[in-house]
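Only one structure is covered here, and it is reproduced in the block below.
Chain letters run A, B, ... following the sequence lines, proteins first, then strands; residues in each count from 1. Atom set for the values below is all heavy atoms of this structure, side chains included, hydrogens, waters and symmetry mates excluded.
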2 protein chains.
Amino acid sequence: MARPREFDEDRVLDAVMETFWRTGFEGTSAQALVDATCLGRGSLYAAYASKTGLFEQALRRYQRRAQDHVDQLRQPGSPLARLRDLMAGIVEADLAESDRRGCLATNSAIEMSGRDPGVAELVRDNFGILTRGIAETIRRGQDAGEIRATADAETLALFVFNAVQGLRVLAKTTLAQDRAKLIAVIDQTLAALT
Amino acid sequence: MARPREFDEDRVLDAVMETFWRTGFEGTSAQALVDATCLGRGSLYAAYASKTGLFEQALRRYQRRAQDHVDQLRQPGSPLARLRDLMAGIVEADLAESDRRGCLATNSAIEMSGRDPGVAELVRDNFGILTRGIAETIRRGQDAGEIRATADAETLALFVFNAVQGLRVLAKTTLAQDRAKLIAVIDQTLAALT
DNA sequence: CTTATTATGGAACGGATATTCCAAAACCAT
DNA sequence: ATGGTTTTGGAATATCCGTTCCATAATAAG
């Protein structure tokens with residue numbers, strides 16, 4: 001090791017992640033990544049090999065967001081209320097963004113996972129993190145008698161996670177004024193757990 | 001009108017639709033469209049003005065698929081069974097495709113609707129067609145006493161449609177061997193209607 | 001048949017694409 | 001300080017992008 005990196009790897013990957021998040025993989029050019037990171041092309045390619053490598057690293061970094069959601073679920077209070085806060089927060093955030101970037105994992109599932117197995121696996125990991133977090137919360141709710149035990153927590157968790165992914169899609173085309181319709185979907189989903 | 005088109009417009013738009021469906025908007029090149037349609041570049045651009053115009057026409061043509069789903073829902077039999085057949089058929093088809101192309105409207109919602117209002121509206125139209133069909137089916141189920149009337153049909157329809165969109169996302173990364181997990185999501189979704 | 005109009009398909013366009021290369025600079029270990 | 005090694009950033013490369021252009025062919029109307 002004869003010379004250390006001058007750039008902050010976290011800062012660079014954050015910039016890369018933001019760019020892919022906003023404009024997708026195919027919609028993002030190498031030039032856009034250079035502009036976003038303020039690095040030279042050479043540095044970028046020496047460190048990450050290719051646009052695909054850059055994308056996978058950025059997606060890996062995105063897992064942190066899934067973990068943040070799990071942490072949010074673990075906060076004190078009723079499990080059902082935690083699930084509601086999570087889902088409502090996601091809808092709120094998705095509708096607030098002017099560019100409707102949504103969720104990078106969802107976007108990657110749609111755009112990339114059919115053609116890049118590596119991306120598909122990263123997306124599966126990401127989905128797994130949140131789904132396991134939801135299952136844990138549901139188990140808590142079942143223990144407290146707040147959520148029915150007529151189905152196991154894993155099954156119910158995938159049902160809830162599936163609804164979250166649906167909301168991510170619907171939020172892309174739902175007008176902010178129709179926010180209430182998405183909230184109603186959340187209500188129906190959570191009511192199905194009791 | 002001094003010379004008629006030599007090509008079959010439906011056949012050309014089908015080829016264009018297939019191509020965008022498989023590889024997305026950004027992932028599809030003008031060359032790929034030329035190859036798929038067997039038309040010259042000039043003819044293609046004279047008829048459809050631009051890649052965006054081509055995409056919008058293809059997406060318009062895709063509405064027919066949504067209508068097919070509605071027709072499927074209208075076939076005789078129990079409303080709940082019709083909903084199950086529709087959802088199970090979608091999961092089956094999505095998992096069977098080796099390239100995991102999924103649903104063109106869903107894909108377009110994710111990739112395009114944030115940046116192209118015209119596409120967003122077409123996607124909204126597409127979503128509306130199926131959601132209204134589902135609402136109609138749910139109303140039938142409510143009349144037959146098969147589906148609860150504690151929420152209006154439109155609310156329940158959006159809840160079901162939301163689950164369908166979730167399945168479309170999950171199917172992108174779900175291994176064929178885990179098909180049962182998606183079927184369980186369908187079960188939970190339909191059970192919530194009773 | 002002639003004329004006006006349109007379709008056709010491929011060549012041509014400028015600019016963008018992902019990636020590679022390289023000389024110069026910066027650092028660490030000796 | 002010196003030698004060895006790595007980073008750096010920008011120039012260079014060949015290819016591909018979406019789009020336009022145009023000579024030719026084909027038709028419809030007169």
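- One atom, CG of A/D35, and another, P of C/dA18, lie 12 Å apart when rounded to the nearest Å.
- Residue-environment remark: CD (B/Q72) exceeds the threshold of 12 foreign heavy atoms within 6.0 Å.
- The B/K51 side chain lies nearest to D/dT19 when the options are D/dT8, C/dT8, D/dT19.
- When each of C/dA18, C/dT8, D/dT8 is scored by its nearest atom to the side-chain atoms of B/E6, the top-ranked nucleotide is C/dT8.
- Distance B/E26 CD to C/dA18 C1': 15 Å, rounded to the nearest Å.
- Note: CZ (B/F55) to C1' (D/dG18) measures 16 Å, nearest angstrom.
- Of the candidate nucleotides D/dG9, C/dA18, D/dG18, D/dG18 has the atom lying nearest to any side-chain atom of B/Y45.
- Ionic pairing of A/R65 and A/D68 is not present here: no N-O contact between side-chain nitrogen and carboxylate oxygen is shorter than 4.0 angstrom.
- Other residues, nucleotides and ligands place no more than 12 heavy atoms under 6.0 Å from the CZ atom of A/R179.
- Contact annotation: side chain of A/R41 to base of C/dA18, donor-acceptor pair absent below 3.5 Å.
- DNA chain D is contacted by both B/S50 and A/C38; A/C38 maps to the nucleotide lying nearer its 5′ end (nearest heavy atom per residue).
- Of the side-chain N and O atoms in B/S29, none sit less than 4.0 angstrom from OP1 or OP2 of D/dC16.
- Taking only side-chain atoms of A/A2, from C-beta outward, the nucleotide of D/dT6, D/dC17, C/dT8 with the closest atom is D/dT6.
- Distances were taken from every side-chain heavy atom of B/P4 (C-beta onward) to each of D/dT8, D/dT27, C/dT17; the shortest belongs to D/dT27.
- Residue contacts shown for B/T28 are limited to sugar-phosphate atoms, with no base heavy atom under 4.0 Å away.
- For B/A46, the listed nucleotide lying nearest its side chain is C/dT8; candidates were C/dA18, C/dT8, D/dG18.
- With salt bridges taken as basic N to acidic carboxylate O contacts below 4.0 Å, one links A/E18 and A/R101.
- Donor-acceptor pairing under 3.5 Å, judged by distance alone, is present between the side chain of A/R3 and the base of D/dT7.
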Legend entry - Audit row: B/T194, B/I147, side chain to side chain contact (heavy atoms under 4.5 Å, CB included) steps and yes/no: CA-CA 5 Å; B/T194 63; B/I147 293 176; 5.7 Å; no
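- Rounded to an integer number of Å, the gap from A/E9 CD to D/dT6 P is 15 Å.
- A/S43 comes within 4.0 angstrom of a nucleotide base, judged by non-hydrogen atoms across all strands.
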